[in-house]
Amino acid sequence: MHGTAGIVTAAALAGCSTGQATVDTTRVADVKQASKVAQQLRQAMNAVKFQEVLDTAPPSSAQVRSMQNPVDKEANPRARAFAAADPKPIVQQPQMDATIIELDKRGRPVSSGTVLMSPLYKDGVVVPVDRNLSTKSVRWRQWDDAGWYKNKGQGTLDVVPGRENAPIDHMLDYPASVLKLMVNFGVLRLVDQGKVKLDDTYAYNPTQISSLCGGASSRTIRQYMDASLTYSSNAASCALIKMLHDNQAIDPLNKTFQDLGLETLQLKGTNPVNGGRWSNSITMSSLDTAKLLTLVNGAPGRVWTAPDGKPVTSGVLSTASRKFFRSELAQQGFNDMLSSTNRCGGKYPAAGIPNAAPARWIGTDGTVTVDGNKFGRDVRPCNKKAEVTFAHKTGWVNNTAADAGIVRALPGKGGRSYVIVVFSNLGTQYIDASRPATPPGIYPYTYTEKFGKLGRLLDTYEKRRR
């Protein structure tokens with residue numbers, strides 16, 4: 001089989017009435033009709049019980065009462081985030097958006113599953129997708145910080161026009177630093193077009209200083225990309241965004257996403273003078289992010305068909321650019337969400353996807369330090385037991401947790417290959433009741449351990465499936 005000819009889809013749009021604004025969540029996409037991976041994803045999301053987290057800034061708090069829709073949320077230091085003096089149970093079902101695309105040995109999609117969870121869909125709802133890994137069954141809404149507490153988290157601003165009557169209604173989580181996947185994809189498109197080279201030096205000279213982006217700098221594009229992807233440098237990412245603006249490449253990048261059928265991928269509203277102003281107008285769904293990573297991973301021939309009927313292939317990036325992109329993602333320093341390798345060996349957090357921490361971050365004592373952030377656990381035992389590589393990008397703010405990447409089995413370790421993306425509103429504001437205190441000098445816990453549990457459950461399923 002070539003392309004997506006044999007792909008198994010979640011319900012394949014069966015049973016979804018486009019004339020129905022709201023529906024019973026058990027009937028939108030009956031789990032019995034869904035692909036096996038969609039069933040497993042929904043079951044795993046329910047099994048880890050995300051609704052049991054504690055909220056360190058519940059709706060009655062002053063922070064929430066004054067909450068607007070801030071830009072550059074990533075600029076706020078963790079120390080100034082919500083204090084956990086008196087955490088309370090979360091007031092409603094968390095917002096979740098998760099996708100797995102299963103791949104064959106050549107990287108071609110063979111099955112997929114997307115599940116949304118929210119106050120509207122407390123047990124999760126499987127999203128029906130067609131052979132092109134697309135759906136018209138969801139009304140995608142833009143994230144609204146204060147609005148999540150209102151109207152069961154529906155949101156008010158549409159991301160994709162013309163979906164007012166879609167049977168599923170979901171507010172997309174703000175993507176946080178996972179947006180850097182879009183940025184770096186755009187930069188590599190410029191490289192492939194011959195407009196810039198990876199080893200060109202780019203002088204970042206913002207005419208307006210942003211607290212997110214910092215002051216002037218000068219590095220090669222390769223160095224900026226490495227900093228953006230491996231240790232999530234906001235300053236480097238701002239430089240890359242400004243460079244895209246300098247080359248009039250932002251609008252063409254957004255059009256490319258639309259042309260590829262990645263309709264929710266929108267890098268909008270950034271400031272051309274400094275590359276900052278990251279706001280809720282920047283949107284990504286887990287499905288479209290997973291599709292983008294499927295192209296980055298590479299597959300022969302037609303991967304899916306674009307809205308205009310043209311074949312979408314991995315040739316959207318050159319072989320060299322895809323190889324560089326994957327290599328950078330494979331050197332991810334922050335393995336602490338779906339993977340928890342950086343905190344190997346303790347009772348908390350739970351074990352996640354079993355990948356190895358990259359050697360560049362490991363000190364002589366076996367502990368990981370990323371851009372000055374010390375994790376303090378010897379990762380060598382987990383590295384010895386690693387079963388997969390995980391080329392991925394994480395992201396967080398107070399009300400975002402995100403992880404998106406490509407999983408490949410190591411030789412003799414089960415043969416699975418898949419793309420996994422999880423977005424949620426359970427950022428640093430939300431904690432586990434069982435979370436221990438962070439030792440002095442150690443990088444604070446960023447996410448609930450339930451993400452690691454989810455990652456391990458799904459990877460175990462993929463291993464057994466293969």
Side-chain angles (χ1 to χ4, degrees), residues 74 103 107 175-193 196-202 204 217 219-244 249 253 265 267 275 284 289-299 314 316-339 341-342 353 355-362 368-373 383 386 388-396 402-408 410 417-421:
E74 289 88 342
L103 308 173
S177 286
V178 174
L179 67 85
K180 294 164 187 174
L181 292 178
M182 294 194 290
V183 174
N184 284 272
F185 176 84
V187 172
L188 289 173
R189 290 276 292 178
L190 286 183
V191 171
D192 288 346
Q193 292 162 10
V196 299
K197 296 179 181 178
L198 285 176
D199 293 313
D200 285 347
T201 296
Y202 177 68
Y204 173 68
S217 62
R219 297 186 185 182
T220 66
I221 292 170
R222 185 189 303 272
Q223 289 170 329
Y224 280 127
M225 291 185 68
D226 179 74
S228 172
L229 292 172
T230 69
Y231 61 91
S232 204
S233 168
N234 292 331
S237 302
C238 287
L240 294 174
I241 292 172
K242 186 178 185 302
M243 189 193 69
L244 289 172
L253 173 61
L265 299 192
L267 185 66
M284 305 176 78
T289 304
K291 291 171 69 176
L292 180 68
L293 287 172
T294 299
L295 296 178
V296 172
N297 185 53
S314 296
V316 295
L317 290 179
S318 68
T319 300
S321 286
R322 285 189 286 105
K323 182 178 180 181
F324 176 67
F325 207 162
R326 292 194 306 268
S327 173
E328 291 297 309
L329 292 173
Q331 296 177 64
Q332 176 58 242
F334 290 99
N335 295 285
D336 60 345
M337 185 176 158
L338 293 175
S339 162
T341 305
N342 283 15
I353 292 173
N355 68 309
R360 67 182 281 186
W361 310 114
I362 302 173
V368 166
T369 301
V370 183
D371 192 32
N373 299 297
N383 277 16
V388 300
T389 61
F390 188 24
H392 65 123
K393 182 74 195 74
T394 58
W396 60 265
D403 203 349
I406 304 160
V407 178
R408 292 179 176 176
L410 293 168
S417 179
Y418 60 95
V419 174
I420 183 169
V421 180

Interatomic distance, L181 atom CG to L329 atom CG [nearest 0.5 angstrom]:
6.0 Å
Got a donor-acceptor contact below 3.5 angstrom from the W361 side chain to the Q331 backbone?
yes
Taking the side chain from N383 and the backbone from A357, do they hold a donor-acceptor pair closer than 3.5 Å?
yes
Can you list the steps and then say if L179 with E74 is a side chain to side chain contact (heavy atoms under 4.5 Å, CB included)?
CA-CA 12 Å; L179 67 85; E74 289 88 342; 4.3 Å; yes
Kindly say whether S233 contributes a backbone atom to a donor-acceptor pair with the side chain of S237 at under 3.5 angstrom?
yes
Rounded to the nearest 0.5 Å, what separates atom CD in Q223 from atom OG1 in T201?
7.5 Å
Over 60° means perpendicular and under 30° means parallel, so tell me whether F390 and H392 are parallel, tilted or perpendicular.
parallel
Could you tell me if the side chain of W396 sits less than 4.5 Å from the side chain of F334, heavy atoms only?
no
Closest contact, heavy atoms only, T294 versus G107
CG2-O, 4.2 Å
Under a 4.5 Å cut-off applied to non-hydrogen side-chain atoms, are S228 and L240 in contact?
yes
If you look at every heavy atom in A299 and S314, which pair is closest and at what distance?
N-OG, 2.9 Å
Carefully, step by step, assess N355 and T389 under the rule side chain to side chain contact (heavy atoms under 4.5 Å, CB included).
CA-CA 5 Å; N355 68 309; T389 61; 6.0 Å; no
Checking the side chain of N335 only, and the main-chain atoms of T341 only, is there a donor and an acceptor separated by less than 3.5 Å?
no
Whether the side chain of K180 engages the backbone of S232 through a donor-acceptor N/O pair (distance < 3.5 Å, no angle test) should be reported.
yes
OG1-CE distance between T289 and M284, expressed to the nearest 0.5 angstrom:
3.5 Å
4.5 Å side-chain heavy-atom contact, L295 and L317
no
Backbone N/O of R222 and side chain of D199: donor-acceptor pair under 3.5 Å:
no
Any side-chain heavy atom of I221 sitting closer than 4.5 Å to one from K197?
no
Does L229 reach the side chain of F325, with side-chain heavy atoms less than 4.5 Å apart?
yes
Can you find a pair of side-chain heavy atoms, one from L190 and one from M243, that are under 4.5 Å apart?
yes
What heavy-atom pair brings N342 and V368 nearest, and what distance separates the two atoms?
ND2-CG1, 3.7 Å
To the nearest 0.5 Å, atom OH of Y231 lies from atom OG1 of T369 at 14.0 Å
In the structure I gave you, are the side-chain heavy atoms of R189 and V316 within less than 4.5 Å of one another anywhere?
yes
Looking at G333 and V370, what are the two nearest heavy atoms and their distance?
O-CG2, 3.4 Å
L103 side chain near R408 side chain, heavy-atom distance below 4.5 Å
no
Verdict with reasoning, S177 to N234, per side chain to side chain contact (heavy atoms under 4.5 Å, CB included):
CA-CA 8 Å; S177 286; N234 292 331; 4.0 Å; yes
Residues R360, T230; criterion side chain to side chain contact (heavy atoms under 4.5 Å, CB included); working and verdict:
CA-CA 10 Å; R360 67 182 281 186; T230 69; 3.7 Å; yes
Taking D403 as the fixed residue, which of V178, L338, I420 is the one that meets the side chain to side chain contact (heavy atoms under 4.5 Å, CB included) rule?
L338
Exercise: identify the closest heavy-atom pair between I406 and L293:
CD1-O, 3.7 Å
Would you mind checking if D226 and R219 are paired as a salt bridge, meaning a charged N to carboxylate O distance below 4.0 Å?
no
If I compare all heavy atoms of M225 with all of V187, which pair ends up nearest, and what's the gap?
SD-CG1, 3.7 Å
